[in-house]
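Data block below; observations after.
Worth saying up front: this structure is predicted, and the values here are computed from it rather than measured.
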Amino acid sequence: MNICEKTLAHVVSKMLDTSISKTEYQLSQLHGGTIGNVWLITGTADSSIPFKVVFKITKKWKRYADHDSWRREYDLYESELGNYFTDSLRWPVCYHREITDDENRLWLEHIDGVSGLELTKDMYEAAAYELGRFQGKLYTEQPAALCSIDNLGEVDAMEKFYRHYKSWNVVYDYVRSQESEIPGHLCKMIIDADKKADEYFNHIQSLPIVLCHRDFWVTNIIYSEDKILLIDWDTTGWGYMGEDLASLIADEADVEHMVEYYKKCVPAYVRGFSEYADTVHINNFYVWERILLHFGYRLVEWYLHAETPEDKRQHLDTLEKIYEMKV
C-alpha cells in the first residue's frame, strides 16, 4: 500500500496543529476486504513527534436497496453533522478526505479504548444511554443542516431487509421443514413473527423517526475516557426510535449476557432519549420484535453455513437467548 507522503504530512500537521515537513511511518492493516480496507499508520513526524492515524479506503459498490452507501461516510463528514454530537458521544475526527468516481479515502483519528466483546455491562448500558441522548437531541432540535443531507438510508430499510430475507426460500423453507435441526420452539418463534410482521411494522411506524447509525454493534463502538465513539457510518439513515438497539444486543453479541443486556439497554436508551423528548405516551418500543425480525433469518443462514459445530452452537444459542427475552 503506497501512501502519498505530501498528503500524510498535511494530515499529521492538522492532527498535531503544527506544520510538519517530514514523516516516517509503518502500516498495519486493521481490517478489510473487497469493499473497504482500513490501515493504522504509526510513525514519527519531523524525527521526534509520534503519531497514529487511521486510513480508510471504501470502494464503490451497490449495497442492496442502498446503492450510494459506499460514499456515505465521505458525505457525512462533508456535512455539519459533526456539530450536533453530544458531549459524550461522537465520531472520530476526520483530518482529510478524498473521493473519486470509484472510491473514497478518509484519514481519521485513532482512538485508544475498549471495543468488541471486551465491552463490559456498564459500557453496553452507557452506549445505549448515549445513543438515546444523541437521537433525542437531534429529534427535538431538527437542525436544518441534518435535514439537508441527501445521502441517507431510507426510513424503511429494516423492513426491506426483513422482507428480502423472508423471500429467500433457503432460510424460509428450512425453519418450516421437518428436516430442520433447529429446535421446534425457535422455528415457531420465527414463524409466529412472520405472521405478525405487518402488525409489528405498523406499530413501529408510529415511533419517532430518528437518525440511526444502522451498524451499532460492539466492534463499531469504542468506549474511551467515559465517552462513546462510533465508527463506520456508511449505513446511516433515517429509522424508527430504538432500531439500533437490535444490533447492539444481537449482532455477534456476548451471547451469555444477551438477556441481561436487553433488560438494561432498552431502559437506558429510553432514559437518554427522554432527556430531550417526551416518551411517556409510548407503551412499547418493539425492540425485541425488531431483534427477531432483523436477525432471525440471518441466524438461520449463519447456522446453515457455519463451518464448525461450535459456530452452529453459537447461532442456536443466540436464537435461544432471543427466545428467553420474551419468556
Side-chain angles (χ1 to χ4, degrees), residues 1-60 69-116 118-119 123 126-127 130 134 145 149 151 213 215 217-236:
M1 179 65 197
N2 294 321
I3 300 294
C4 174
E5 294 190 11
K6 183 178 179 181
T7 301
L8 181 58
H10 166 74
V11 168
V12 176
S13 296
K14 191 170 182 181
M15 179 177 60
L16 300 176
D17 195 25
T18 188
S19 179
I20 296 298
S21 58
K22 182 181 178 182
T23 60
E24 297 176 351
Y25 66 90
Q26 292 181 331
L27 277 175
S28 58
Q29 191 160 26
L30 296 177
H31 57 82
T34 58
I35 305 303
N37 286 285
V38 184
W39 291 270
L40 174 63
I41 303 176
T42 305
T44 304
D46 288 344
S47 302
S48 62
I49 309 173
F51 70 86
K52 290 182 179 180
V53 66
V54 173
F55 180 44
K56 180 175 183 178
I57 298 178
T58 303
K59 298 179 182 179
K60 184 175 183 178
S69 65
W70 70 275
R71 59 168 293 154
R72 183 163 296 132
E73 279 194 294
Y74 176 90
D75 291 334
L76 289 177
Y77 275 115
E78 280 283 294
S79 76
E80 297 181 22
L81 177 61
N83 296 331
Y84 297 100
F85 288 108
T86 65
D87 53 348
S88 301
L89 183 145
R90 66 176 178 87
W91 59 16
V93 175
C94 182
Y95 301 114
H96 183 67
R97 50 194 173 270
E98 303 168 344
I99 193 165
T100 68
D101 291 338
D102 300 312
E103 67 181 28
N104 73 73
R105 297 183 169 208
L106 303 177
W107 303 76
L108 302 166
E109 172 189 11
H110 174 263
I111 301 163
D112 287 314
V114 180
S115 186
E118 294 182 1
L119 293 168
M123 293 174 187
E130 295 300 344
F134 172 63
I149 300 173
N151 183 16
H213 181 276
D215 202 10
W217 69 303
V218 291
T219 298
N220 288 338
I221 299 169
I222 303 173
Y223 186 90
S224 179
E225 299 179 349
D226 296 327
K227 298 182 185 297
I228 301 297
L229 293 103
L230 298 181
I231 63 174
D232 290 355
W233 290 74
D234 58 292
T235 55
T236 298

TODO: Report, as yes or no, whether the 6.0 Å neighbourhood of atom CD on E80 holds more than 12 heavy atoms from other residues, nucleotides or ligands.
DONE: no

Open item on the list: Minimum heavy-atom separation for D112 and S224, please, with both atom names.
Closed with: O-OG, 2.8 Å

Open item on the list: I want to check something: taking the side chain as every heavy atom from C-beta on, are I149 and D75 in contact at a cut-off of under 4.5 Å?
Closed with: no

TODO: Measure across S115 and V218 and return the closest heavy-atom pair with its distance rounded to 0.1 Å.
DONE: OG-O, 3.1 Å

Task: Interatomic distance, R105 atom CZ to E73 atom CD [nearest 0.5 angstrom] - done: 15.0 Å

Task: Polar contact flag, side-chain donor to acceptor under 3.5 angstrom, S21-D46 - done: yes

Task: Audit row: I99, E78, side-chain contact (heavy atoms from CB on, under 4.5 Å) steps and yes/no - done: CA-CA 11 Å; I99 193 165; E78 280 283 294; over 6 Å; no

Task: Reported OH-to-CZ distance for the pair Y25 and F55, which is rounded to 0.5 angstrom - done: 10.0 Å

Task: Expected output: side-chain N220 to main-chain D215 donor-acceptor under 3.5 Å - done: yes

TODO: Only counting residues at least two apart or in another chain, list the ones meeting ring-ring contact (aromatic ring centres under 6.0 Å, His included) with F85.
DONE: W91, F134, W233

TODO: Mind checking the NE2-NE2 spacing from H10 to H96? Nearest 0.5 Å is all I need.
DONE: 5.5 Å

TODO: With the side chain counted from C-beta on, respond yes when I41 and W107 share a heavy-atom pair under 4.5 Å apart, and no when they do not.
DONE: yes

Task: Value rounded to 0.5 Å, distance of CD in E130 from OG1 in T86 - done: 5.0 Å

TODO: Measure from the side-chain N and O atoms of T42 to the backbone N and O of K52, and report whether any donor-acceptor pair falls under 3.5 Å.
DONE: no

- [ ] Under the salt bridge (charged side-chain N to carboxylate O under 4.0 Å, His left out) rule, collect the residues that match up with D17, sequence neighbours excluded.
- [x] none

- [ ] Using atom types as modelled and distance alone, determine if a side-chain donor or acceptor of H213 lies under 3.5 Å from a backbone N or O of D232.
- [x] yes

Task: Beyond-backbone contact of I20 with I49, side-chain heavy atoms, under 4.5 angstrom - done: yes

Open item on the list: I'd like to check V12 versus M15 (side-chain heavy atoms, cut-off strictly below 4.5 Å). Are they in contact?
Closed with: yes

- [ ] Could you tell me which non-hydrogen atom of S48 sits nearest to which non-hydrogen atom of P50, and how far apart they are?
- [x] O-CD, 3.4 Å

- [ ] With R72 as reference, evaluate T58, N151, N104 under the side chain to side chain donor-acceptor pair (under 3.5 Å) test and give the passing residue.
- [x] N151

Task: I221 side, atom CD1; L89 side, atom CG - distance, nearest 0.5 Å - done: 9.0 Å

Open item on the list: Measuring only between side-chain heavy atoms, which start at C-beta, is L108 closer than 4.5 Å to V38?
Closed with: no

Open item on the list: For a 4.5 angstrom cut-off between non-hydrogen side-chain atoms, does E109 reach Y95?
Closed with: yes

Open item on the list: If I take atom CZ from residue R90 and atom CG from residue L230, how far apart are they, to the nearest 0.5 angstrom?
Closed with: 10.5 Å

TODO: Give the minimum heavy-atom separation between D101 and K60, together with the two atoms involved.
DONE: O-CD, 3.2 Å

- [ ] Please tell me if the side chains of Y223 and I228 come closer than 4.5 Å, counting only heavy atoms from C-beta onward.
- [x] yes

- [ ] Could you tell me whether the side chain of I231 reaches within less than 4.5 Å of the side chain of K56, counting heavy atoms only?
- [x] no

Task: Any donor-acceptor N/O pair, K227 side chain to D87 backbone, under 3.5 Å - done: yes

Open item on the list: Which heavy atom of Y77 sits nearest to which heavy atom of P92, and what is that distance?
Closed with: OH-O, 2.6 Å

Task: Short side-chain to backbone donor-acceptor contact, T44 and F51, under 3.5 Å - done: no

Open item on the list: Please determine whether the number of non-hydrogen atoms from other residues, nucleotides or ligands lying under 6.0 Å from atom CD of E118 exceeds 12.
Closed with: no

